[in-house]
Amino acid sequence: MADKIEMMYSEYQVSERIRQLGQEISKDYEGKEVTLICILKGATFFACELAKRIKVPVQIEFMRCSSYGNETESSGVVKIIQDLDHPIRNKHIIIVEDIIDTGRTMHYLLDVLNQRGPASLKLCALLDKPDRRVADVSLDYTGFVIPDKFIVGYGLDYAQKYRNLPYVGVVTPE
Ligand code: IMP
Ligand code: MG
């Protein structure tokens, strides 16, 4: 049996919103260079589209974390599986994430990256699910604020499936 997937934001709506975020970031970082830290794997589609919409010079770096927990909720015990290749000291950093849910993963990551002495550190996520927040995390750039539903598409997966859907959808597992 197939999982049921219902569209929440179309490909066009997502791309329009990313274009607006790109404009906002270009304005905020005028005269500066910015480094996007893309959190693998979920944020890849978003980070690539966002980078193309930013008018100031952009560098892209990648980081991969895993958060232990059960299937639906992270525990806050975060392990860095793939770290950055370069130091971020004195650089303007924007973390690019797919979704902030409980906030536990990002709370830990912000702390780790802050200790490395960036010139500035901001957080940009395509989706924000504030109803589930347990750790204090504030977003600087948000694509969409969404209700407590399990999302797939545009990089987000359910058991590693559906990342390649070009839209954001809600999955109801069969
Ligand atoms: P947090 O530590 O609870 O904020 O976990 C955030 C991570 O959980 C995200 O980076 C996603 O990998 C995953 N996640 C949370 N909610 C969803 C969802 O609705 N769909 C897919 N992945 C999700
Ligand atoms: Mg993730």
Side-chain angles (χ1 to χ4, degrees), residues 1-11 13-15 17-18 21 25 35-51 60-84 88 93-116 118 121-174:
M1 274 200 274
D3 301 320
K4 195 176 129 226
I5 298 171
E6 219 179 312
M7 191 188 288
M8 185 180 255
Y9 296 107
S10 70
E11 187 172 8
Q13 285 174 307
V14 174
S15 120
R17 185 68 192 116
I18 296 176
L21 288 173
I25 291 170
T35 300
L36 303 182
I37 297 183
C38 169
I39 308 301
L40 296 170
K41 302 173 187 176
T44 44
F45 295 65
F46 175 42
C48 292
E49 284 305 308
L50 182 65
I60 304 186
E61 301 292 337
F62 297 91
M63 209 168 171
R64 184 156 176 213
C65 314
S66 86
S67 175
Y68 293 104
N70 57 33
E71 268 153 36
T72 53
E73 189 160 329
S74 63
S75 63
V77 183
V78 182
K79 187 173 159 197
I80 295 175
I81 297 176
Q82 183 186 321
D83 206 339
L84 301 169
I88 57 168
I93 304 295
I94 302 176
I95 302 176
V96 181
E97 177 60 306
D98 51 3
I99 186 165
I100 309 297
D101 184 26
T102 65
R104 285 179 174 129
T105 310
M106 203 40 66
H107 185 82
Y108 172 84
L109 207 58
L110 280 164
D111 198 45
V112 166
L113 293 177
N114 245 325
Q115 286 173 27
R116 298 185 187 179
L121 181 61
K122 287 194 181 183
L123 173 60
C124 174
L126 179 62
L127 303 168
D128 181 14
K129 230 194 255 182
D131 293 349
R132 301 240 314 159
R133 199 77 92 252
V134 296
D136 186 23
V137 170
S138 59
L139 284 93
D140 300 286
Y141 304 101
T142 307
F144 302 99
V145 179
I146 59 162
D148 182 10
K149 307 259 185 201
F150 201 83
I151 302 300
V152 292
Y154 220 87
L156 289 101
D157 73 299
Y158 169 65
Q160 297 301 326
K161 288 184 293 186
Y162 310 122
R163 290 190 198 277
N164 59 314
L165 294 178
Y167 56 87
V168 168
V170 179
V171 65
T172 312
E174 207 59 45

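Both ligands and their constituent atoms are indexed starting at 1 by order of listing.
Close approach to Asp101 involves these atoms of ligand 1, each under 4.0 Å from a residue heavy atom: 1 (P), 3 (O), 4 (O), 15 (C), 16 (N). Annotation for ligand 1: atoms under 4.0 Å from non-hydrogen atoms of Arg104 are 2 (O), 4 (O). Set against the non-hydrogen atoms of Asp157, the atoms of ligand 1 under 4.0 Å away are 21 (C). Taking every heavy atom of Glu97 and a limit of under 4.0 angstrom, the matching atoms of ligand 1 come to 10 (O).
With Leu156, Ile99, Val168 as candidates, the residue nearest to atom 14 (N) of ligand 1 on a non-hydrogen basis is Ile99. Comparing Ile100, Asp98, Leu40, Thr105 against atom 5 (O) of ligand 1, the shortest heavy-atom distance belongs to Thr105.
Under the side chain to side chain contact (heavy atoms under 4.5 Å, CB included) rule, Leu50 has a single partner from Ile60, Ile94, Leu21, which is Leu21. Of the residues listed (Leu126, Leu127, Asp128), the one engaging Ile99 in a side chain to side chain contact (heavy atoms under 4.5 Å, CB included) is Leu127, and it is the only one.
Counting heavy atoms under 4.0 Å from ligand 1, residue Lys129 touches it through the side chain alone. Residue contacts with ligand 1, taken as heavy atom pairs separated by less than 4.0 Å, involve Lys149 solely via the backbone atoms N, CA, C and O.
Using a cutoff of 4.0 Å between basic side-chain nitrogens and carboxylate oxygens, Asp3 and Lys161 are scored as salt-bridged. Using a cutoff of 4.0 Å between basic side-chain nitrogens and carboxylate oxygens, Arg116 and Asp83 are scored as salt-bridged.
Not a single heavy atom of Met106 sits closer than 4.0 Å to an atom of ligand 1. Using a 4.0 angstrom heavy-atom cutoff, Gly42 does not count as in contact with ligand 1.
Remark: Gln13 engages Tyr9, Ser10 in a side-chain contact (heavy atoms from CB on, under 4.5 Å) (not counting sequence neighbours). When the salt bridge (Lys or Arg N to Asp or Glu O under 4.0 Å) test is applied to Lys149, no partner is found at least two apart in sequence or on another chain.
Two residues are said to be in side-chain contact when any heavy atoms from C-beta on lie closer than 4.5 Å; Val96 and Ile37 fail this criterion. Side-chain contact check for Tyr162 versus Asp157: every heavy-atom pair is 4.5 Å or farther apart.
Remark: ligand 1 and Ile151 share an N or O pair separated by less than 3.5 Å (distance only, no angle test).
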